[in-house]
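Because the structure is a prediction, the values reported are computed rather than measured. Reckoned from all heavy atoms, side chains included, excluding hydrogens, waters and symmetry mates. Residue numbering restarts at 1 for every chain, and letters A, B, ... go by the order of the sequence lines.
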Amino acid sequence: MSLKVLFVAEKNDTAKEISRIMSNNKYTRREGLSKLNKIYGFSCKMLNNDADITMASVSGHIMTIDFSLEFKSWEKHPPVSLFTAPIEDYCPEDSKPIVNTIVREAKENEMLVLWTDCDREGEYIASEIRHICLIANPSIKIYRARFSEITYASIHTAINQMEMINERLVAAVDCRKELDLRIGAAFTRFLSLRLQKVFPYHFPTNHVVSYGPCQFPTLGFVVDRCKQVEHFVPKKFYKLRTVVERGDTQVNFFWSRGGIQDRTETEQSQRGCNQQSVAIVYRVVSKSKSEPRPLPLNTVELEKKASRKLDMSAKQVMMIAEKLYTQGLISYPRTETNFFPPSFNLVPLVEEQTRAEQWGDTARHILRDSPTPSEGQKSDQAHPPIYPIKHTSSLQGNERKVYEFIARHFLACCHKDAQTSETTVEILVNKESFSASGLIITARNYLDVYPYDEWCDRRIPHFTQGERIQIEGCIEMIECETTPPSYLTEADLIQLMDEHGIGTDATHSDHIERIKMRGYVDVQLDGTLLPSKLGRGLVEGYTKIGHNLANSDLRAELERDLTDICVGKKEKNEVINFMVHRYKQVFTEISSHAILIDESLSNYFGPPKQLRIEYPHERDHYYWDSIKTQPKHLPHKCSYTTPSKQKSSSTRIRHSRMNQHPYIQSTQIPMTAVENDNNLELCYCGIPSILLTVRKAGPNTGKKFYTCNTSSCEYFVWDKTFEVQEGGYFMEKIPTSFSSRRDLVLCHCNYPAKLRTVDKDNLNKGRQFYNCTKQKGNACEFFQWEDDGPTLSIQYFKNNKSISDNPKGIKCKCGRLAKLRTVSKDGFNKGKDFYSCPKPIGGDCRFFKWAHEEQIMISNNLITSQIDTAKLLLCECGQLSKLMTCKEGSNKGRKYYGCPKKNGRWCGFFEWA
DNA sequence: GCAAGGTC
């Protein structure tokens, strides 16, 4: 009885090649449910058994992740919530035929062998396939085959040394995926939504201003280079030169000391030399040198060299390479490997190229000496270097250029190094040495087929050692200047990304393309990259806040953590928790200082067109989080105002804002600044905040709140000493003397409190205090020492609901007599009475109870079982809050109350149950 | 509408 075994590879190409090798070319092929992934069949020996093999494949990752439906809307939840929002795995539509094929085949086999690439992502893809197969066939035995190249020897070694999936590698990829999504999405939503509001003409609704941990460092490289160029200060330096005529040739002899910055010293040497009329040939040296042929081609080199030499972007090059690969013209183009394994048979590949009209001769020449490929050191342990498979002469345009480059490069590295002879002639003039050199290519070898390396002869006439040359005193001084570095080309950028570990070989060109698409960089006519106004403004804004998100160190640090997970030094959750916490802190600081980003962008885009501060719940959605997380007293980074200049009057405050703040000039929603002289509420900038009144019609009309006086931070707090209720009372904060205060002290029942004296024998004997005038049982719990500091005073207004409205003495959660109020908001419950805490909103205990039980109406969208009726809470927009459960994160399972509204109408109310 | 990573 034969073993029935299912093999699954990472891509169809690998599946086919493994099948070919293991079956000695005797395999069958049938269609799968996915057009691109065929199913191969063959028999072989496996674990000392006969085995019937079914070889299937996937196309990279099967599953992907995204936030749960609840968090898909950009407006429903603040971006900061994405740091902890639930994430779900799902199977995209185009993966379903692949999954269905694997499921079908897994049911038919007793063993599964995973042949995915031998890297971190390959290990993860293996785990995805395992997951699917186990659902289809829970008893299937699972093994992992590891191979570093697709050769007979490697495949047979892999099958005889099968292993288990390395869970650490899987955990590392899990970690990367989650962090990339959370961090990328949080910052992208935050920035997009903000700029859409602040610069609506430049960033209309739905315009995306993205952040990603790879794309932003890529932008950072471009910005850095641009700044290096701009800040470059040229320095003068001086050289000496003399020109010697020999026959028809003029030979430039340059001062052996090169260039020096000291002009006086150079002039002294020049004068000394010019006193001589004769130079002596001191030394003539000729030496042979090898000019090495290129290394076998990997992806990074293909992108770099082809984009340099073929006038194409790296992305274009890769897209064409992929097309050539699918046409069977070249090998797999995503590879890090730059050496051919010893077992690799190059001869048939070179033979194929003898058919080429332009380089066929070189191919024949290589075959005569047998190919000897150059050898690099890099390997991805999965793929060979890029080489041409079939010759074709039918390609046109850029496809032809890329194919020709790959073919010529392949032949060049199979050829021999070029040989040169370099001759250096040194002359002495007044003890100063001058030299000239020439270069002759003695054997072109690989250069015959590789025009991308530009070598040419630089001939020098014959000189004899000891020879005397007339120079006739013509030593000249040349004044030079140092020059700035050049702007980055795509090739330079790929080099930097490679060096700093930004992205992978397969994604470098994607990241470059993305920062072009987002409008962060512009491509110059010469192909170099310059940061756009947007790209530059963003990097400058983040840097001003103190978090340069464009720095590549952030990604490098994550890569180190991922490596630590792979080697068992760290745990996945440890890294996720740490990074989420850290980036959330960065996010909070950036969101509370985002004015600095606006400011940086306004340097390029002009003043913002819209007032940022409107009605609190219409402010940026991260507002809610910044209040909840209370990032108090961040370093003062405001640049607009100083506290001392704006304390005298409300009018002056407003003028100072209008004069100094570009946003205020285009205020669309009028606000009133209130007398603020004694305000000690400091905003996050550490300066006195301003007290404003909500003017916009809505449930909070007339309410007052403190916010940053310069709009430099996101500070926002409802004023707890003011409250305007329908027909209610008006509380005003006034510092009162103790004597004048006496008649005004009210208890929680809103009755004048009674002044009493402690008569018990204790430390407070004789001390006076206020409490409720009513008898025990009916009295509220108000208590206040008479000799305490300034307190609140209250003026009555008409129609105040009184104690008679709470005859049952219903108390709120903080022990005060609950206040009877009426729902004024339009809606199902308008006009209904309810009891709530008497304290102003913001400082209240959030107690809620309908005045008449029979009136209890629950919105249709709430399910009764979800509501803890003992704790009905009103959210900030007047709705009954909804009891919900955290689905993920450190608070998983913990219940909380939140605003029940959806679709961007969510008010931000939140309280742990 | 957001990230980065596979592959096609």
Side-chain angles (χ1 to χ4, degrees), chain A residues 9-15 34-37 57-67 71-77 79 81-83 85 87 92 94-95 97-98 116-117 119-129 169-170 172-196 203-218 299 318-328 332-335 380 382-383 497 501-511 513-515 517-518 549 554-555 558-559 562 579 583:
Chain A
E10 188 165 321
K11 50 192 162 284
N12 182 66
D13 191 54
T14 308
S34 151
K35 271 191 174 178
L36 298 165
N37 303 84
S57 62
V58 295
S59 289
H61 287 287
I62 302 169
M63 308 290 283
T64 189
I65 58 168
D66 204 349
F67 297 108
F71 287 84
K72 290 241 168 88
S73 157
W74 286 36
E75 282 79 20
K76 195 170 174 183
H77 295 278
S81 66
L82 301 180
F83 285 108
I87 286 177
D94 55 357
S95 289
I98 295 173
T116 47
D117 291 355
D119 53 26
R120 211 164 65 191
E121 297 293 331
E123 206 70 7
Y124 192 88
I125 293 166
S127 78
E128 291 180 279
I129 300 166
L169 303 191
V170 175
V173 174
D174 244 340
C175 179
R176 175 196 64 70
K177 284 170 60 182
E178 181 171 341
L179 290 172
D180 284 345
L181 176 65
R182 290 193 186 285
I183 297 165
F187 280 97
T188 299
R189 287 190 192 180
F190 159 70
L191 206 59
S192 304
L193 293 172
R194 183 181 185 92
L195 297 187
Q196 285 167 22
F203 306 100
T205 309
N206 288 345
H207 185 106
V208 174
V209 185
S210 62
Y211 167 79
C214 286
Q215 55 177 269
F216 239 64
T218 307
T299 308
M318 285 312 292
M319 282 171 67
I320 291 173
E322 277 156 23
K323 193 171 172 193
L324 297 175
Y325 164 67
T326 55
Q327 291 172 348
Y332 188 63
R334 286 186 283 268
T335 172
D380 61 11
H383 312 99
M497 292 166 81
I502 301 301
T504 67
D505 293 15
T507 59
H508 287 153
S509 63
D510 291 334
H511 299 312
E513 211 56 27
R514 189 163 289 118
I515 60 173
M517 183 186 77
R518 295 280 184 229
L549 292 179
L554 290 168
R555 187 65 177 182
L558 176 63
E559 282 296 333
L562 296 180
M579 284 290 178
Y583 272 92

Report task. List in chain and number order the residues that pass side-chain contact (heavy atoms from CB on, under 4.5 Å) with A:T188, two or more places apart in sequence or in another chain; answer none if no residue qualifies. Result -> A:W74, A:S192, A:V208, A:S210, A:Y211

Query - Test item: A:H508 side-chain N/O and A:I502 main-chain N/O as donor-acceptor pair under 3.5 Å - result: yes

Query raised in the report: Partners of A:L562 by side-chain contact (heavy atoms from CB on, under 4.5 Å), sequence neighbours excluded?
Result: A:R120, A:A172, A:C175, A:R176, A:L558, A:E559, A:I565

Query raised in the report: Should the heavy atoms of other residues, nucleotides or ligands under 6.0 Å from CE of A:M63 be counted, would the total exceed 12?
Result: yes

Query raised in the report: Which class fits the ring pair A:F83 and A:F187: parallel under 30°, tilted 30 to 60°, perpendicular over 60°?
Result: perpendicular

Query - Base versus backbone protein contacts along nucleotides 2-8 of chain B [heavy-atom cut-off under 4.0 Å; B, S, -] - result: BBBBBBS

